[in-house]
There are 2 protein chains.
Amino acid sequence: MTTSLAEENYLKIIYRLCEGTKEDISTNSIAELTNNKAASVTDMLQKLAEKGWVTYQKYQGVRLTKIGQNIALSIIRKHRLWEVFLVEKLGYNWDEVHEIAEQLEHIESETLINKLDSFLDFPKIDPHGDPIPSQEGEIPELGYLHLSEVKLNETCTLMGVAKDSAVFLQLLTKLNLSLGARLEVVEINTFDRSVSLKIAEQEPIFISHEVAKNILVKV
Amino acid sequence: MTTSLAEENYLKIIYRLCEGTKEDISTNSIAELTNNKAASVTDMLQKLAEKGWVTYQKYQGVRLTKIGQNIALSIIRKHRLWEVFLVEKLGYNWDEVHEIAEQLEHIESETLINKLDSFLDFPKIDPHGDPIPSQEGEIPELGYLHLSEVKLNETCTLMGVAKDSAVFLQLLTKLNLSLGARLEVVEINTFDRSVSLKIAEQEPIFISHEVAKNILVKV
DNA sequence: ATTAATTTTTAGCCTAGACTAAAAATTAAT
DNA sequence: ATTAATTTTTAGTCTAGGCTAAAAATTAAT
């Protein structure tokens with residue numbers, strides 16, 4: 001069966017919402033991320049359930065079926081591979097590629113994405129450190145921590161980000177925080193959980209808990 | 001102003017039909033190439049005229065305005081650059097890229113296409129020998145002849161094709177006719193205008209007038 | 001110069017995917 | 001355990017872009 005652009009966007013977003021939790025996903029949370037109204041979401045959920053891509057009961061939320069998951073993973077795979085292409089081959093910065101990849105991820109051609117994968121030398125992660133699902137839908141488990149979970153005086157390496165909005169990425173760039181940076185947690189403020197970090201030999205920098213939560217590291 | 005996928009397809013096809021002739025373009029000819037019914041075409045022509053991309057009078061056919069031409073050229077530019085990418089970088093054959101490029105041509109990002117252009121080293125022609133419009137909408141004039149116009153015993157070089165359907169391209173490939181081949185016209189059959197060609201040291205091959213018409217050469 | 005054939009347009013209908021407003025179900029609060 | 005607040009669903013509407021069938025204009029043929 002074939003998927004429309006709208007359906008693909010819904011599946012992708014439902015996948016993202018499922019990732020965090022075992023609970024079923026609410027109509028409202030989907031409405032928020034798709035920028036649609038709840039009524040429109042209900043409509044679409046019924047169609048997706050028809051097609052067997054989600055399980056859905058009125059008022060009880062929604063989950064992806066195995067098939068739905070695979071569709072979502074193939075879109076995520078395409079998105080992330082195109083992002084690697086844009087950064088590695090065309091010279092974009094990591095904060096510039098999301099919007100374009102949102103379009104490219106809907107190009108349908110199995111051979112295309114596999115040739116692209118090979119052309120890029122089978123990358124395992126995208127420019128934000130997010131893992132790239134395999135053709136079979138396997139996601140390499142990377143076991144990263146959120147920077148906000150790292151203990152005082154520990155040192156870690158910046159491996160990725162949990163959010164790829166342009167403003168967030170630009171902030172990191174301004175703070176000189178890029179993939180691979182070595183970070184030492186030199187202070188954790190108990191009041192607001194803000195964090196002070198030492199990057200290599202530089203003066204320590206301060207970041208909010210909100211920022212720390214969205215940085216992924218390996219200890 | 002922004003263009004929908006449907007509008008872009010119409011503009012592209014109207015451009016192609018305008019190319020050959022000074023006449024205004026008929027509703028039916030557009031219907032044929034877009035695979036829509038004439039009534040749907042009429043609808044769309046009225047919308048395109050509203051937006052100032054075509055001039056259109058009822059029953060009198062249609063032409064692109066300057067703006068419409070520029071939109072069409074930018075889509076053609078994208079289509080052809082992506083085709084170069086698919087063949088040069090991803091290793092596709094020339095008969096496999098049209099469908100995928102039909103999708104990629106609608107990705108909207110001015111920077112993307114210019115970075116791609118630079119990544120590909122500013123190619124002047126696509127894998128079928130068609131010229132790639134510049135960012136400003138200039139088409140390098142190549143001055144090719146149709147092979148059907150070449151005189152007996154003349155020798156020429158295969159520079160492009162006037163049609164890029166997969167079956168046609170596969171036929172050429174099977175006949176060992178590829179871009180750059182040196183061809184000598186050794187016989188022209190006056191009855192059906194079929195042509196006998198010598199390629200390098202090979203035995204002569206026969207091709208129909210229909211095929212010869214769609215091969216572009218430089219004498 | 002009519003009539004016939006063809007082409008184009010109009011009118012009305014359909015589907016996907018959005019929306020708003022109102023109704024129904026669920027959850028939270030007294 | 002009711003009432004209130006919130007969330008979700010239904011019902012009905014809208015737009016883009018298709019369609020068919022019938023009407024109108026153009027072109028071709030007697």
Side-chain angles (χ1 to χ4, degrees), chain A residues 1-14 17-18 20-64 68 71-72 75 102-103 105-106 108, chain B residues 1-14 17-18 20-64 68 71-72 75 102-103 105-106 108:
Chain A
M1 202 173 323
T2 173
T3 48
S4 74
L5 197 141
E7 288 166 343
E8 292 190 0
N9 281 330
Y10 274 97
L11 291 174
K12 193 181 52 166
I13 276 164
I14 297 169
L17 288 166
C18 281
T21 167
K22 289 237 88 108
E23 310 283 306
D24 284 12
I25 300 312
S26 77
T27 302
N28 259 357
S29 62
I30 298 169
E32 212 171 309
L33 290 195
T34 55
N35 290 314
N36 289 327
K37 296 300 156 97
S40 313
V41 174
T42 300
D43 258 23
M44 182 56 91
L45 292 182
Q46 289 168 348
K47 286 176 198 163
L48 296 178
E50 272 297 304
K51 302 204 177 190
W53 298 335
V54 302
T55 57
Y56 164 70
Q57 287 135 279
K58 279 190 197 181
Y59 296 101
Q60 304 307 310
V62 76
R63 292 200 72 69
L64 290 177
I71 299 173
I75 300 161
E102 287 283 306
Q103 297 178 63
E105 72 189 4
H106 300 292
E108 62 166 329
Chain B
M1 202 174 323
T2 173
T3 49
S4 73
L5 197 140
E7 289 166 344
E8 292 190 358
N9 280 332
Y10 273 97
L11 291 174
K12 192 180 54 167
I13 277 164
I14 297 169
L17 289 167
C18 282
T21 167
K22 290 237 88 105
E23 312 281 307
D24 282 12
I25 300 311
S26 77
T27 301
N28 259 355
S29 61
I30 298 170
E32 211 172 310
L33 290 194
T34 54
N35 291 313
N36 290 327
K37 295 301 155 99
S40 312
V41 174
T42 300
D43 259 22
M44 182 57 90
L45 292 182
Q46 289 169 347
K47 286 177 199 165
L48 295 178
E50 272 296 305
K51 302 206 178 189
W53 299 333
V54 301
T55 57
Y56 164 70
Q57 287 136 278
K58 278 189 197 182
Y59 297 101
Q60 304 307 309
V62 77
R63 291 200 73 70
L64 290 178
I71 299 173
I75 300 161
E102 288 283 307
Q103 297 179 63
E105 72 189 3
H106 300 292
E108 62 166 330

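Basis for what follows: all heavy atoms, side chains included, without hydrogens, waters or symmetry-related copies. In what follows, chains carry the letters A, B, and so on, assigned in the order in which the sequence lines appear, proteins first and then strands, with residues in each chain numbered from 1.
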Q. Does the A/Arg63 side chain pair with the main chain of A/Ile14, one donor and one acceptor, at a distance under 3.5 Å?
A. no
Q.
Whether B/Lys12 and B/Glu105 form a salt bridge (side-chain N of Lys/Arg under 4.0 Å from carboxylate O of Asp/Glu) is what I want to check.
A. yes
Q. Is there a donor in the side chain of A/Tyr56 and an acceptor in the side chain of A/Asp24, or the other way round, less than 3.5 Å apart?
A. no
**Q.** Exceeds 12 heavy-atom contacts within 6.0 angstrom, atom CD of A/Glu102
**A.** yes
Q: Determine, step by step, whether B/Glu7 and B/Lys51 satisfy the salt bridge (Lys or Arg N to Asp or Glu O under 4.0 Å) criterion, reporting the C-alpha distance in whole Å, the side-chain angles of both residues, the deciding distance to 0.1 Å, and the verdict.
A: CA-CA 11 Å; B/Glu7 289 166 344; B/Lys51 302 206 178 189; 3.0 Å; yes
Q: Please name the pair of heavy atoms, one in A/Asn28 and one in A/Ala38, separated by the smallest distance, quoted to 0.1 Å.
A: OD1-CB, 3.7 Å
Q. Is the count of non-hydrogen atoms from other residues, nucleotides or ligands lying under 6.0 Å from A/Gln46 atom CD greater than 12?
A. yes
Q | Nucleotide pairing, DNA chain D (Watson-Crick or G-U, distances under 3.5 Å), in dot-bracket with [ ] and | | A | ||||||||||||||||||||||||||||||
Q. Within this structure, what is the CD-to-C1' distance between B/Glu23 and D/dT26, rounded to whole angstrom?
A. 15 Å
Q: Kindly give the heavy-atom pair with the smallest separation between B/Tyr10 and B/Asn36, and that separation in Å.
A: OH-ND2, 2.9 Å
Q.
Across nucleotides 2-17 of chain C, 5' to 3', mark each nucleotide with B, S or - according to how protein heavy atoms within less than 4.0 Å reach it.
A. -----SBBB------B
